[in-house]
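Inspection log for the structure reproduced underneath, given as structure tokens.
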Amino acid sequence: AKMSSWCLLQVFVATVCFPQTLTALQLPSALLARDSFLKYATAAAFLTPSIPTSLTSSSSIESASANSVTKEMERAQETTTSLPSRVAYRSTSIPVSLIDQSNSEKVNVQVPVAIWYPSPSSDASSSLPSTRSDISSTNVVQYKHHISVAKIGTLLAGWNLPQFLKREFSLTPTTFSEEDGDATTRGSTISIVDGTTIPLPASGPVVLLAHGYLGSRFDLSHLAESLASRGFICISPEYPESLAASYKKVPGLDRSIITSQLLQSLSADWKVQGTKFGIVGHSLGCGTAMTSGDKSWTRVCIAGFPGERDEKTAGGNVLFISSVNDGAVSIQRIESAIPRDFVRWNEDDTTTVMMKGKKTDIPRRTALIFENRETAPNHISYLAENVNEAMMSFLSPLLPVANALSIPVLDFDKYQQSRDSKRTAKIVIPLVREYLMQEML
């Protein structure tokens with residue numbers, strides 16, 4: 001493959017401006033060997049620019065035009081009744097013990113978990129802000145998000161890159177967009193507060209969030225914030241395929257083990273009694289969603305495979321969402337896997353879900369397919385905008401290298417052009433929220 005002049009320039013600039021850093025990489029003398037050259041060019045590319053590490057959910061690059069469906073949803077959301085004033089967020093971890101299959105030794109892993117839950121307004125741990133300017137400076141939590149280039153290189157290309165090629169981002173919750181207000185509640189005064197001293201509810205509906213391949217526990221944070229404001233307890237663990245690389249890979253540690261331990265910790269350690277259970281999966285997380293729990297669980301499968309292969313979960317409530325613009329899990333691949341009893345919807349069918357006086361029940365087994373190629377989401381459009389913008393700011397230099405090696409980028413290149421997380425959220429978040437409320441509350 002021919003290395004682009006852009007990457008060559010990156011190597012040159014890095015060599016001139018950061019010689020001490022490149023020395024630490026221990027570049028081999030045979031740098032022109034194809035794999036070595038591309039790997040170290042990738043490493044150098046991340047050392048040259050100054051990368052912002054604090055991101056809000058607003059994007060100045062998003063297209064100003066919105067389709068009629070989005071406008072209808074916006075008008076509908078303005079009629080929503082008043083919501084709880086605060087959502088608590090807590091970052092914690094769960095202990096997972098297992099036998100390492102490579103050496104038969106017992107290992108203990110701390111798996112990071114993000115939790116969003118309703119916070120009683122009477123809680124005295126902090127005062128409520130009274131204005132939006134107060135909200136932006138009072139009790140605002142930041143999500144500590146990590147991106148590891150080494151982990152990405154390992155999972156996508158089998159590379160063994162230096163572990164220091166990573167970065168931490170402080171993500172601002174979606175509800176604190178100064179420009180547009182909450183992307184899902186249209187300017188309401190919901191605040192996301194530190195839940196360290198705010199107890200979890202003793203009981204309530206529980207929704208697990210399962211990220212995809214090279215995803216993170218914050219991928220669906222915008223959905224978690226919205227659901228928690230409606231009384232849900234939302235829990236998002238970091239699975240082994242996460243790009244955060246918060247723990248070492250352990251042979252035998254898989255999603256089912258983590259999910260099982262999470263449910264055990266929920267009741268035994270956190271003393272939370274789930275009244276009903278639901279799970280939302282994105283991409284690879286759809287497999288987790290379709291196989292966790294039992295038939296009583298409510299499932300949402302976004303941009304993944306909708307097949308029901310597990311007898312203990314088949315036949316339950318499922319909302320499936322896909323798009324003709326998804327280049328990672330194409331509609332052609334999954335069309336035949338959509339169960340025949342699913343009711344087919346498109347964008348137009350979503351407009352009546354929250355229209356005042358015209359509220360329509362969502363069929364308990366629904367497949368929503370975005371069919372308008374001009375506005376339909378791509379594979380990662382469903383993720384929170386702050387997460388996608390972090391990836392854009394840090395990983396864009398990787399695209400020329402990925403293209404040179406024909407490495408799949410999970411629609412990262414498409415999103416670089418569309419920047420449509422917010423537009424997608426204005427349709428998907430209310431739809432998923434209403435579906436889960438309908439089936440679980």
Side-chain angles (χ1 to χ4, degrees), residues 1-28 31-56 59-62 145-171 213-216 218-219 242-245 327-328 378-381 383-421:
K2 183 178 180 181
M3 174 54 60
S4 69
S5 59
W6 186 90
C7 279
L8 287 171
L9 177 62
Q10 290 288 335
V11 175
F12 172 77
V13 173
T15 303
V16 173
C17 300
F18 299 92
Q20 70 281 6
T21 307
L22 290 183
T23 300
L25 285 175
Q26 298 179 348
L27 297 180
L31 185 60
L32 293 180
R34 178 176 178 271
D35 288 346
S36 295
F37 180 78
L38 291 174
K39 285 192 290 185
Y40 287 106
T42 301
F46 291 103
L47 301 175
T48 54
S50 175
I51 303 296
T53 57
S54 181
L55 298 173
T56 67
S59 171
S60 60
I61 307 176
E62 181 183 1
H145 177 49
H146 297 82
I147 297 178
S148 168
V149 177
K151 182 66 171 291
I152 295 172
T154 298
L155 291 182
L156 287 184
W159 292 351
N160 185 21
L161 294 173
Q163 293 299 311
F164 66 77
L165 290 175
K166 59 184 178 181
R167 180 149 300 174
E168 178 180 304
F169 292 83
S170 294
L171 305 182
Y213 195 70
L214 289 175
S216 82
F218 301 115
D219 282 2
S242 169
L243 52 65
N378 58 64
H379 192 67
I380 64 173
S381 302
L383 309 187
E385 186 182 34
N386 49 16
V387 171
N388 274 338
E389 289 305 311
M391 289 194 292
M392 285 293 114
S393 68
F394 189 40
L395 299 179
S396 289
L398 186 62
L399 277 178
V401 179
N403 290 334
L405 293 177
S406 300
I407 296 174
V409 292
L410 306 177
D411 278 359
F412 185 83
D413 52 342
K414 288 186 177 181
Y415 185 82
Q416 191 178 44
Q417 302 300 318
S418 67
R419 292 301 226 277
D420 59 344
S421 283

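Predicted model only: the values in this text are computed from it and were never measured.
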Q: Dump the intermediate steps for side chain to side chain contact (heavy atoms under 4.5 Å, CB included) on Ile147 and Ile152, then the final yes or no.
A: CA-CA 9 Å; Ile147 297 178; Ile152 295 172; 4.1 Å; yes
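- Leu156 places a side-chain heavy atom less than 4.5 Å from the side chain of Tyr213.
- Considering only heavy atoms from C-beta on, His379 stays 4.5 Å or farther from Phe412 through its side chain.
- Side chain of Ser393 to backbone of Ala390: a donor-acceptor contact under 3.5 angstrom is found.
- Listed for the Asp411 side chain is a donor-acceptor partner under 3.5 Å among the backbone atoms of Gly327.
- Under a 3.5 Å cut-off, the side chain of Asp413 and the backbone N or O of Leu399 do not form any donor-acceptor pair.
- Heavy atoms only, all atoms of each residue included: Trp159 and Thr154 are closest at O-OG1, 3.1 Å.
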Q: Please report the C-alpha distance between Asn378 and Asp420 in whole Å, then the side-chain angles of each, then the deciding distance to 0.1 Å, and finally whether the side chain to side chain contact (heavy atoms under 4.5 Å, CB included) criterion is met.
A: CA-CA 9 Å; Asn378 58 64; Asp420 59 344; 4.0 Å; yes
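- Counting all heavy atoms, side chain and backbone alike, Leu171 lies closest to Val387 at CD1-CG2, 3.9 Å.
- The side-chain heavy atoms of Val409 and Leu398, taken from C-beta on, include no pair separated by under 4.5 Å.
- By the side-chain contact (heavy atoms from CB on, under 4.5 Å) test, Lys151 is found to be paired with Ser148, Leu155, Ala245, residues two or more places apart in sequence or in another chain being considered.
- For Lys166 against Phe394, the heavy-atom pair with the smallest separation is C-CZ, 4.0 Å.
- Shortest non-hydrogen contact noted between Gln416 and Met392 is CA-SD, 3.6 Å.
- For the pair Pro162 and Ala150, the tightest heavy-atom approach, listed with the atom from each and the gap, is O-CB, 3.6 Å.
- Across every non-hydrogen atom of Leu243 and Leu214, the tightest pair is CD2-O, 3.1 Å.
- Note that OG of Ser421 is 7.0 Å distant from CD of Glu389, once rounded to the nearest 0.5 Å.
- Using cut-offs of 30° and 60° for the angle between ring planes, the His145 and Phe218 rings count as perpendicular.
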Q. Step by step, would you call Leu383 with Met391 a side chain to side chain contact (heavy atoms under 4.5 Å, CB included)?
A. CA-CA 11 Å; Leu383 309 187; Met391 289 194 292; 4.2 Å; yes
